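Just so we're clear, the structure is a prediction, and the values are computed from it rather than from any experiment.
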Amino acid sequence: MHIEAWSKNYAKAIGVDQTLVLKDAKEGLKQRRSQLLPVYQQAIASQQDVADTFYRAGVIPSKVDVKPLWDESFTNAINKCK
């Protein structure tokens with residue numbers, strides 16, 4: 001991950017000092033564990049519920065199908081490693 005380049009671009013996009021964005025990103029990475037997990041249909045359904053809620057609330061202008069955002073190409077391989 002190129003966190004420095006990302007923080008520079010993100011800071012510019014949101015109008016915040018890059019030092020703050022980089023510090024926040026690094027602290028956030030320390031708090032998250034990295035783990036490969038298979039894609040579960042329940043996770044996709046949960047994200048679809050969120051998108052549908054945002055649509056009904058008027059936060060997003062049209063319904064969104066979240067399924068294409070999920071990559072299940074490694075699910076079988078991940079399941080074999082368990």
Side-chain angles (χ1 to χ4, degrees):
M1 178 180 206
H2 301 284
I3 195 166
E4 287 83 9
W6 172 86
S7 66
K8 179 180 178 181
N9 292 325
Y10 189 61
K12 183 178 178 181
I14 64 172
V16 175
D17 183 81
Q18 179 187 354
T19 306
L20 295 174
V21 173
L22 180 60
K23 181 181 177 203
D24 184 63
K26 285 181 176 180
E27 289 176 4
L29 287 174
K30 288 180 196 175
Q31 296 174 16
R32 291 186 216 66
R33 27 175 233 200
S34 296
Q35 186 177 12
L36 291 175
L37 297 170
V39 173
Y40 293 103
Q41 294 306 310
Q42 297 93 331
I44 297 171
S46 175
Q47 187 180 32
Q48 187 65 58
D49 286 344
V50 171
D52 293 345
T53 299
F54 285 173
Y55 169 68
R56 286 191 303 273
V59 176
I60 56 176
S62 60
K63 280 189 77 82
V64 176
D65 178 13
V66 301
K67 178 81 169 147
L69 302 172
W70 290 79
D71 180 1
E72 298 180 65
S73 59
F74 295 105
T75 296
N76 289 334
I78 293 169
N79 283 331
K80 289 179 185 177
C81 294
K82 287 183 174 184

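Note on Leu69: it clusters hydrophobically with Ile60, by side-chain heavy-atom contacts below 4.5 Å among ILVMFWY residues. Side-chain heavy atoms closer than 4.5 Å link hydrophobic residues (I, L, V, M, F, W, Y) into clusters, and following such links, even through other members, never connects Leu36 to Ile44. No path of Ile, Leu, Val, Met, Phe, Trp and Tyr side chains, each step under 4.5 Å between heavy atoms, connects Phe74 with Leu37, placing them in separate hydrophobic clusters. The hydrophobic clustering, which links ILVMFWY residues whose side-chain heavy atoms are closer than 4.5 Å, places Trp70 and Ile78 apart.
Residues Tyr10 and Val16 are not in side-chain contact: their nearest non-hydrogen atoms beyond the backbone lie 4.5 Å or more apart. By the 4.5 Å heavy-atom criterion applied to side chains, Asp71 and Val39 are not counted as neighbours. Residues Lys67 and Glu72 meet the side-chain proximity criterion, which asks for heavy atoms closer than 4.5 Å. Looking at Lys63 and Arg56, their side chains never come closer than 4.5 Å, going by heavy atoms from C-beta outward.
Closest non-hydrogen pair, Ala25 versus Trp6, comes out as CB-CZ3, 3.7 Å. Contact between Ser7 and Gln18 at its shortest, heavy atoms only, is OG-NE2, 3.6 Å.
Distance check: Thr75 OG1 to Lys80 NZ gives 12.0 Å after rounding to the nearest 0.5 Å. A distance of 10.5 Å separates CD in Gln47 from CG in Asp52, rounded to the nearest 0.5 Å.
A donor-acceptor pair under 3.5 Å links the side-chain atoms of Thr53 to the main chain of Asp49, judged by distance alone. Judged purely by atom type and a 3.5 angstrom limit, Gln48 uses its side chain to pair as donor or acceptor with the backbone of Val64.
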